[in-house]
Amino acid sequence: MSRVYNFSAGPAVLPEEVLKEAAAEMLDYKGSGMSVMEMSHRSKVFDDIIGEAEADLRDLMKIPDNYKVLFLQGGASQQFAMIPMNLMKNKVADYIVTGQWAKKAYQEAQKYGKANKIASSEDKTFSYIPDCSDLPVSEDADYVYICENNTIYGTKFKTLPNTKGKTLVADVSSCFLSEPVDVSKYGIIYGGVQKNIGPAGMVIVIIREDLITEDVLEGTPTMLTYKTHSDAKSLYNTPNCYCIYMCGKVFKWLKKQGGLEAMKEYNEKKAAILYDFLDQSRMFHGTVEKADRSLMNVPFVTGDAELDAKFVKEAKAAGFENLKGHRSVGGMRASIYNAMPIEGVQKLVEFMKKFEEENL
């Protein structure tokens, strides 16, 4: 079996150890005589799987007791509508637009009330995070929204915005569990799991209890009401059982690595290898302001579209997959999530050095 180094932005690399465990349990999960893919979500066996997954996530993130953990379908994109439907009591919300996903969330919110764009980095192709220390936060805003790590553009909020007392809502899809976070600073912190935690098809929403009410926008579907899923402990309808099982395995793997403090250290080490090379390379250069660089997504270019295409093609032939940048920006992007081993980044840099020597 030959495994490639998978730099995909999502669905993305998973820990090999987890994949092997899942493979071993595929036909018979813990003596149940069936696969997790086949079992009832109402069974005692699955109840243990989802309960343990939630307990491990709470432990990893030190989630306070007054927050609920919801395993939902529809991906992060469904939250763009679900958040305003549930939270827009005054029908006003403030958005900080630092990339495509924040922009999409902002556009979606306009369907449900007044969405204000109070800061943006679109003027420089989202290559930086704007100063959010003193923003014109609306007095009647129901919440302030950010996308904390921008997968396409490779930027990351290093300091959370000053929301002036308003509820902070954050999409953390591409930095989920990559470092410790203080959950109590957020009203809602959510993310699609397919980048840093598990297979595609699920979003995890961590929501403060006071935000879970029956007082939602008129016409909000039952399935898009947080209270529906909170009351039913994520089992209102058939959840994505296999994805929950896989995420649970990744949570255990993360605990075995030493938790989120250890992961942050490891991720910083990995990112430094690539950024240090980009900073001294004569051919490649990063596209993000240094202070705002993501540890998870590293976009870079040569400055020549033909050379970029040649690099992507030769890299693929050498076993480095999914390095082509997002179609909206071009160039290259290496997503180096938790499960990407440090050797993968080291080997990529070796290949980049070789390519530079041969093509300068």
Side-chain angles (χ1 to χ4, degrees), residues 2-10 12-16 98-99 121 124-129 148-158 174-175 178-179 195-196 257 262-360:
S2 174
R3 295 272 293 168
V4 297
Y5 288 114
N6 179 12
F7 292 94
S8 171
V13 59
L14 284 164
E16 208 167 295
T98 52
S121 54
K124 291 184 183 171
T125 328
F126 299 124
S127 59
Y128 71 102
I129 298 291
E148 202 162 313
N149 187 91
N150 296 284
T151 323
I152 295 172
Y153 301 95
T155 58
K156 166 80 164 68
F157 279 83
K158 303 295 168 74
S174 52
C175 59
S178 63
E179 60 183 34
K195 296 175 184 295
N196 214 23
Q257 308 311 304
M263 278 323 299
K264 185 185 185 193
E265 208 177 297
Y266 188 61
N267 288 327
E268 284 173 340
K269 223 181 265 182
K270 275 192 294 189
I273 293 166
L274 186 46
Y275 284 125
D276 287 351
F277 168 70
L278 290 171
D279 288 343
Q280 56 84 44
S281 170
R282 289 172 301 146
M283 176 182 281
F284 300 98
H285 61 272
T287 57
V288 173
E289 288 193 13
K290 279 188 186 183
D292 302 322
R293 284 170 164 175
S294 164
L295 294 179
M296 298 284 100
N297 311 100
V298 185
F300 56 96
V301 293
T302 64
D304 178 330
E306 279 183 24
L307 201 54
D308 287 352
K310 185 182 185 202
F311 173 79
V312 170
K313 188 182 175 187
E314 289 186 13
K316 182 181 171 70
F320 303 100
E321 284 281 351
N322 297 306
L323 281 167
K324 190 177 180 182
H326 191 271
R327 60 188 178 276
S328 65
V329 289
M332 285 74 69
R333 172 183 51 181
S335 292
I336 49 176
Y337 298 125
N338 286 343
M340 171 57 66
I342 204 160
E343 308 82 66
V345 183
Q346 288 165 338
K347 290 213 158 62
L348 173 63
V349 167
E350 279 170 29
F351 178 79
M352 289 168 79
K353 283 177 179 169
K354 181 171 168 281
F355 185 87
E356 184 174 294
E357 282 163 21
E358 290 169 358
N359 291 275
L360 259 185

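Fair warning: this is a prediction, and the values are worked out from it, not measured in the lab.
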- Shortest non-hydrogen pair, L348 vs A334, comes out as CD2-CB, 4.0 Å
- Answer with yes or no whether the side chains of K264 and N267 bring together a donor and an acceptor at under 3.5 Å. no
- Message: Within the supplied structure, the quantity of interest is the number of heavy atoms (other residues, nucleotides, ligands) at a distance under 6.0 Å from K158 NZ; does it exceed 12?
- Response: yes
- Could you pull out the closest heavy-atom pair between K195 and Y337, with the gap in Å? O-CD1, 2.9 Å
- Under 3.5 Å: donor-acceptor pair, side chain of Q280, backbone of F277: yes
- Item | Centroid-centroid distance, F300 to Y275, less than 6.0 Å | no
- Query: Is K353 salt-bridged to E357, cutoff N-O under 4.0 Å?
  - Reply: no
- Exceeds 12 heavy-atom contacts within 6.0 angstrom, atom CD of Q346: yes
- Message: Here's a test for you: under side chain to side chain contact (heavy atoms under 4.5 Å, CB included), which of T98, T287, T125 qualifies with Y153?
- Response: T125
- Message: Assess whether a salt bridge exists between K156 and E179, defined as any Lys/Arg side-chain N lying under 4.0 Å from an Asp/Glu carboxylate O.
- Response: yes
- Query: Going by atom types only, do T155 and D292 share a side-chain donor-acceptor pair under 3.5 Å?
  - Reply: no
- Task: Could you check whether the rings of F320 and Y5 sit parallel, tilted or perpendicular, using 30° and 60° as the cut-offs?
- Result: parallel
- Query: Ignoring hydrogens and geometry, is there a side-chain-to-backbone donor-acceptor pair from D308 to T302 under 3.5 Å?
  - Reply: yes
- Message: Checking D279 now: which residues fulfil side-chain hydrogen bond (donor to acceptor under 3.5 Å, both in side chains) with it, not counting sequence neighbours?
- Response: R293
- Query: Side-chain donor-acceptor pair under 3.5 Å between N297 and N150, yes or no?
  - Reply: no
